[in-house]
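For reference, the structure discussed in these notes is given below.
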Amino acid sequence: MQRLFFPAALFAAVSLGLAQAPIGSSRPAVGTGTEPTVFAVQGVPTSKAGVPLAAAQPRLDELTFAEEPGAIWAAARTFKARFDAAGATFVPFLGAVAERNYPITFTLAQVRAGTMVLPFAGNAAPARDGDTIRLPRGTVCELYELTTLGMEQRFTFDRLPVRGELHLRIAVGTELACTATETGLAFGNQLGGARYGKAVAIDARGARIAVATEWREGGIELTVPAAFVARAELPLLIDPLVTVFVAEATTEAVSSPDVAYDVTNDRFLLVWERAYSSTDHDVWSELRTRNGNYVAGAWIDVSGDYWARPRVANNNLNDCFLVVAEKGLPWFATDVVGKICTASSPPMVGNEIWISPNDAYDHSEPDVGGDPVLLPPTHFCVVWQRQQDEFDWDILYQLVTAQGQVLLAPNLFLANDAGIETHPSISKSNGTEATPQHWTVVWEKLGASTSYDIRGAQVNWNGAITAPEFAIDTSNATDRRPSVSTRMDLANGNQWLVVYERTMTPTDRDLFGQLWTGTTRLSPATGVNLSALVGGGFQGQDQSMAAVDSDGCRFAVTWSELFQTSTTDLDVFAATFHVRLGQTLALSEGHVPIATSGRPEDGVQVTSLRSGGGPPVGYGLVLQDAGNNGDILGAFYDGMGSTAPSRLVIGCGGLGIDFAGPGALGTVMDFQLQGVTGVPFLAFGFPVSPLPLCPQCRIGLDQGTMSLMYGAQRSLTIPARGEFFGLVLGAQGADLLSAGGCPQQYRTSDRIDFTIR
């Protein structure tokens with residue numbers, strides 16, 4: 001099938017601004033667009049009507065591994081364990097509200113055969129083979145078989161210089177109390193703990209015997225009877241089992257989700273924070289398809305450190321993501337760190353990158369922007385806030401390479417005055433064109449009379465500040481929590497949108513936006529009330545926590561909104577906007593429900609496919625269901641509006657026409673004639689009242705702007721140009737010198753009408 005771009009005659013007519021084009025009467029209806037594909041990442045959400053949404057099994061039910069220098073981590077829903085040269089550290093999950101972790105360390109302290117103490121290597125490097133961790137110690141090999149329920153601790157002897165009673169002592173370090181039980185030992189407190197089962201000894205023939213398993217003076221002692229050792233065929237295996245128990249059902253809390261897209265692998269990476277205890281938060285990541293199918297997952301951090309508020313962006317050239325987070329207990333100084341994660345499956349996670357300066361200040365709330373272009377070099381840009389003292393908060397930035405290297409000198413400031421400047425947001429990418437290419441950064445600043453203003457700056461792809469700090473909003477209103485989009489494509493004016501929440505009354509916040517190109521404001525200085533622009537009678541609801549991105553020709557805005565008179569039931573909605581006449585923000589589609597259960601859904605983040613180097617249609621969303629311990633939901637939203645193509649029956653002589661495609665900006669419409677017997681043509685133009693060509697055949701296109709093209713098959717590429725939004729076009733076929741038509745030997749097909757959306 002041949003593919004063509006917008007017909008030249010139509011393109012010229014539209015570019016000149018045809019006043020007679022029937023635009024307004026055929027705009028898509030508000031809030032009736034294509035239903036977003038919503039999927040559960042963790043948990044099974046339902047809509048307000050009680051209809052289950054598409055669900056995926058929680059990946060944390062699987063056994064997963066992560067490596068760091070000199071150590072290997074294993075994790076499942078009820079535990080995590082670290083293996084290094086000293087041995088194993090088992091950390092039972094006792095609930096997100098546990099005041100801290102309660103680890104149990106197991107270190108082989110002594111091996112004795114008869115009266116002979118056997119030497120062993122105390123510094124064996126751990127090696128992983130599938131679900132088994134191996135610590136070869138010479139005389140004995142220490143192994144750990146991992147499952148989703150716990151770990152089997154095994155000691156294997158391939159040779160024994162003395163055949164006598166075999167005695168092992170394992171030093172144990174823990175704050176948990178140890179008690180003997182019928183099945184072995186229990187380490188626990190009021191929240192739960194771990195069980196260390198009675199060991200058995202098994203020889204190469206399968207003969208087995210119970211092994212005395214005793215707690216003595218801070219350690220576990222395992223004793224195999226001498227008679228069994230004397231007749232055992234080597235290798236000899238000693239095998240206890242470690243599992244988790246809880247006093248009552250543990251609560252799991254996940255939060256702070258984010259999402260980015262990689263076009264090469266056509267995958268979204270979702271990241272979020274998991275509370276393991278009050279002093280240990282981890283970060284998990286998952287690759288997902290556009291319809292929500294799970295591909296693979298990986299721990300960004302599963303250590304005993306406190307990683308919080310992860311954010312993610314994509315580097316298209318290197319097919320990787322950078323995940324950043326704040327590290328450290330929130331009541332002490334925190335730092336900004338990150339890790340590179342590959343976009344291929346399974347995702348490979350790199351070493352920790354220290355991004356913020358190594359000083360005594362508190363560095364927090366990081367955000368990260370990526371780079372979609374394929375012209376090297378390409379980098380990530382990370383922004384965050386730094387607290388110097390109670391009354392002085394600054395905004396800093398840093399570039400990170402796709403190989404995980406910090407590129408610039410430390411202490412690079414976007415805002416460094418004596419005020420309080422916080423909550424930075426950076427565009428998801430720095431734009432699809434190589435020139436100009438920069439990230440936009442916005443943040444809030446505490447102004448006079450306790451009101452808040454919005455400030456901004458722009459950073460070039462190479463780290464230079466192309467636009468120093470400038471004012472976005474300086475009104476007397478309280479404007480907070482800004483979010484900023486990637487720039488539109490150059491063909492659409494290089495514009496960008498900043499969205500923020502404004503306090504209207506103590507119980508009502510509205511979303512406001514400002515449209516900019518470069519550092520020139522196109523919207524009124526007071527901003528555009530997006531809540532009013534969305535319409536539908538929802539402006540009076542409290543709307544907050546907005547996020548925004550651009551697909552190159554539109555902007556998608558997402559937010560949380562209180563349901564009716566509730567003070568706790570937050571729902572998540574989306575809307576798309578385009579630009580009229582190069583400077584006026586207009587609604588494309590409004591108030592599209594994303595998550596509307598009876599529980600609070602919030603924390604929504606959005607990325608366009610375009611920000612990851614993809615096509616200009618479609619957005620990935622991620623949010624949390626905060627009312628159910630923070631289940632994570634994902635969604636794919638096309639953002640195109642709702643008007644579907646329609647057919648006007650004006651054909652004659654049996655000439656048929658078929659079509660496919662949404663008729664949206666940046667997409668393709670396919671047309672094909674059926675029953676051709678002569679010379680086929682397809683015509684495109686503005687629809688008009690049908691004019692008779694003969695008693696049977698009519699033409700329904702404006703002949704002054706109509707483009708006539710030879711062939712029975714054509715693909716029409718609709719430009720990703722915002723000014724075309726709302727235009728109504730028609731397609732009609734003709735078959736010349738054909739039998740069965742008019743006396744003039746031609747036939748016409750029905751007309752297909754479609755509104756560009």
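Note that this is a predicted model, so its numbers are computed, not measured. Side chains are part of it too, since the values below use all heavy atoms of this structure and drop only hydrogens, waters and symmetry mates.
In this structure, the side chain of Q605 does not engage the main chain of L623 through any donor-acceptor pair within 3.5 Å.
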Report the C-alpha distance between E145 and R154 in whole Å, list the side-chain angles of each, state the deciding distance to 0.1 Å, and finish with yes or no for side chain to side chain contact (heavy atoms under 4.5 Å, CB included).
CA-CA 8 Å; E145 293 278 353; R154 293 181 173 181; 3.8 Å; yes
Derivation and outcome, side chain to side chain contact (heavy atoms under 4.5 Å, CB included), residues F380 and C320:
CA-CA 10 Å; F380 298 95; C320 66; 4.1 Å; yes
Tell me, with the steps shown, if W73 and W299 meet ring pair (Phe, Tyr, Trp, His ring centres under 6.0 Å).
CA-CA 9 Å; W73 284 89; W299 287 105; 9.6 Å; no
Go through V323 and S285 one step at a time and tell me if the side chain to side chain contact (heavy atoms under 4.5 Å, CB included) criterion holds.
CA-CA 9 Å; V323 182; S285 68; 5.6 Å; no
Would R274 and D282 count as a salt bridge (Lys or Arg N to Asp or Glu O under 4.0 Å) here? Give the steps.
CA-CA 5 Å; R274 183 198 186 200; D282 303 321; 5.1 Å; no
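Residues in residues 305-325 take part in these ring pair (Phe, Tyr, Trp, His ring centres under 6.0 Å) pairs, two or more places apart or across chains: H281-Y306. Under the side-chain hydrogen bond (donor to acceptor under 3.5 Å, both in side chains) criterion, the residue pairs touching residues 83-101 are R82-D84, E99-Y102, R100-E175, N101-S277, N101-D280, with sequence neighbours excluded. Pairs passing the side-chain hydrogen bond (donor to acceptor under 3.5 Å, both in side chains) check and including a residue from residues 334-343, sequence neighbours excluded, read T334-D362. For the ring pair (Phe, Tyr, Trp, His ring centres under 6.0 Å) condition, the pairs that include at least one residue of residues 185-230, sequence neighbours left out, are F106-Y196, F187-W215. Within the structure, salt bridge (charged side-chain N to carboxylate O under 4.0 Å, His left out) contacts touching residues 218-228 (residues at least two apart or in different chains) are R169-E221, R216-E221. Screening residues 377-390 for salt bridge (charged side-chain N to carboxylate O under 4.0 Å, His left out), with sequence neighbours left out, gives R386-D394.
Salt bridge annotation for E352-K327: present, with a cationic side-chain nitrogen under 4.0 angstrom from a carboxylate oxygen.
Applying the salt bridge (Lys or Arg N to Asp or Glu O under 4.0 Å) test to E233 and every residue at least two apart in sequence or in another chain returns R205. Not counting sequence neighbours, R134 has no partner by the salt bridge (Lys or Arg N to Asp or Glu O under 4.0 Å) test. With sequence neighbours excluded, no residue forms a salt bridge (Lys or Arg N to Asp or Glu O under 4.0 Å) with D262. With sequence neighbours excluded, the residues that form a side-chain hydrogen bond (donor to acceptor under 3.5 Å, both in side chains) with D258 are K428. Taking E142 as the reference, R137 meet the salt bridge (Lys or Arg N to Asp or Glu O under 4.0 Å) condition, with sequence neighbours excluded. Take Y261 and apply the ring pair (Phe, Tyr, Trp, His ring centres under 6.0 Å) test, not counting sequence neighbours, and it matches F268.
Here the side chains of T607 and N314 are not in contact, with every heavy-atom distance at 4.5 Å or above.
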